[in-house]
Amino acid sequence: QVQLVESGGGLVQPGGSLRLSCLASGSISNYAVEWYRLAPGKRREWVATITSDGNTYYADSMKGRFTISRDNAKNTVYLQMDSLKPEDTAVYYCTIPSRGNWGQGTQVTVSA
């Protein structure tokens, strides 16, 4: 079972940037990987997907601000988040949907 560990969250001011990492314990080169987020009082929200061949997809509210990428040699998927807004505050999770693996999440707080 591939374990996923997210990192890179923190406190950032509105308009700032963060880069989240999703490190897998094994090879993920053959898998699509997704990022989700969960904010207090809200439903889990899909953020972005990167397929095994590098195609990327984003939720409408993240387009132009977030960038998902992968480095298969490092078994890592990244989520670059720019122009952050307070409504981006949430715990961010990565997952391999075809295998049902989830990480423990990393907290992102956007506040002045």
Side-chain angles (χ1 to χ4, degrees):
Q1 186 80 337
V2 175
Q3 305 296 318
L4 302 174
V5 178
E6 301 94 336
S7 62
L11 174 63
V12 63
Q13 293 186 342
S17 298
L18 284 173
R19 188 176 80 156
L20 306 184
S21 298
C22 172
L23 174 63
S25 60
S27 175
I28 56 171
S29 60
N30 293 327
Y31 301 106
V33 179
E34 299 183 327
W35 284 95
Y36 283 79
R37 68 186 185 184
L38 182 62
K42 296 186 177 180
R43 292 186 175 184
R44 186 175 63 193
E45 179 182 21
W46 169 69
V47 174
T49 298
I50 187 164
T51 65
S52 58
D53 53 5
N55 292 321
T56 57
Y57 304 90
Y58 301 92
D60 286 344
S61 61
M62 286 68 159
K63 286 180 182 177
R65 299 190 302 123
F66 290 10
T67 304
I68 189 171
S69 61
R70 66 192 302 156
D71 185 339
N72 290 333
K74 295 182 178 180
N75 295 332
T76 301
V77 170
Y78 303 99
L79 185 68
Q80 176 68 40
M81 305 187 297
D82 300 317
S83 302
L84 283 163
K85 306 174 182 179
E87 51 265 41
D88 294 318
T89 294
V91 179
Y92 285 71
Y93 300 88
C94 62
T95 180
I96 300 175
S98 63
R99 301 195 61 168
N101 304 66
W102 289 84
Q104 84 293 343
T106 186
Q107 175 71 49
V108 171
T109 303
V110 185
S111 175

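Treat the numbers as computed from the prediction; the structure is a model and nothing was measured. Heavy atoms only: backbone and side chains are in, while hydrogens, waters and symmetry mates are out.
Residues S17 and V12 have side chains not in contact (no heavy-atom distance under 4.5 Å, counting atoms from C-beta outward). Residues Q1 and N101 meet the side-chain proximity criterion, which asks for heavy atoms closer than 4.5 Å.
Applying the salt bridge (charged side-chain N to carboxylate O under 4.0 Å, His left out) rule to pairs touching residues 17-37 yields R37-E45, R37-D88, sequence neighbours excluded. Within the structure, no pair that satisfies the ring pair (Phe, Tyr, Trp, His ring centres under 6.0 Å) test touches residues 53-97, not counting sequence neighbours. Residue pairs satisfying the disulfide (SG to SG under 2.5 Å) criterion with at least one member in residues 38-71, sequence neighbours excluded, are absent. Within the structure, salt bridge (charged side-chain N to carboxylate O under 4.0 Å, His left out) contacts touching residues 66-79 (residues at least two apart or in different chains) do not occur. Judged as a disulfide (SG to SG under 2.5 Å), not a single pair has a partner in residues 43-77 (not counting sequence neighbours).
Listed by chain and residue number, D60 satisfy the side chain to side chain donor-acceptor pair (under 3.5 Å) test with K63 (two or more places apart in sequence, or in another chain). For Q104, the side chain to side chain donor-acceptor pair (under 3.5 Å) test picks out no residue, with sequence neighbours left out. Applying the side chain to side chain donor-acceptor pair (under 3.5 Å) rule to W102 yields no partners; only residues at least two apart in sequence or on another chain are considered. Not counting sequence neighbours, the partners of T51 by the side chain to side chain donor-acceptor pair (under 3.5 Å) test are D53.
When all heavy atoms of P97 and A32 are compared, the pair lying nearest together is CD-O, 3.4 Å. Between V77 and I68, the shortest heavy-atom distance links the atoms CG1-CG1, 3.9 Å. When all heavy atoms of P14 and A112 are compared, the closest pair comes out as CD-N, 3.7 Å.
Under the 3.5 Å distance criterion, the side-chain polar atoms of T49 are left unmatched by any main-chain donor or acceptor of T56.
With V108 as the partner, the side-chain contact (heavy atoms from CB on, under 4.5 Å) test is satisfied by one option alone out of V91, T89, L79, L18: L18.
In the hydrophobic cluster analysis, where Ile, Leu, Val, Met, Phe, Trp and Tyr join through side-chain heavy atoms closer than 4.5 angstrom, I50 is grouped together with I96.
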Atom pairs and distances, donor-acceptor, side-chain atoms in residues 20-28, under 3.5 Å, two or more places apart:
{"unit_1": "S25", "atom_1": "OG", "unit_2": "Q3", "atom_2": "N", "d": "2.7"}
{"unit_1": "S27", "atom_1": "OG", "unit_2": "S29", "atom_2": "N", "d": "3.4"}
{"unit_1": "S27", "atom_1": "OG", "unit_2": "S29", "atom_2": "OG", "d": "3.2"}

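Residue Y31 holds its OH atom at 10.5 Å from OG of S52, rounded to the nearest 0.5 Å. For the atom pair W46 CH2 and M62 CE, the distance stands at 8.5 Å (nearest 0.5 Å). If you take CD on E6 and SG on C94, they are separated by 4.0 Å, rounding to the nearest 0.5 Å. The distance from atom NZ of K85 to atom OG of S61, rounded to the nearest 0.5 Å, is 7.5 Å.
Membership of an apolar cluster is not assigned to V5, as no side-chain contact below 4.5 Å to another ILVMFWY residue is traced.
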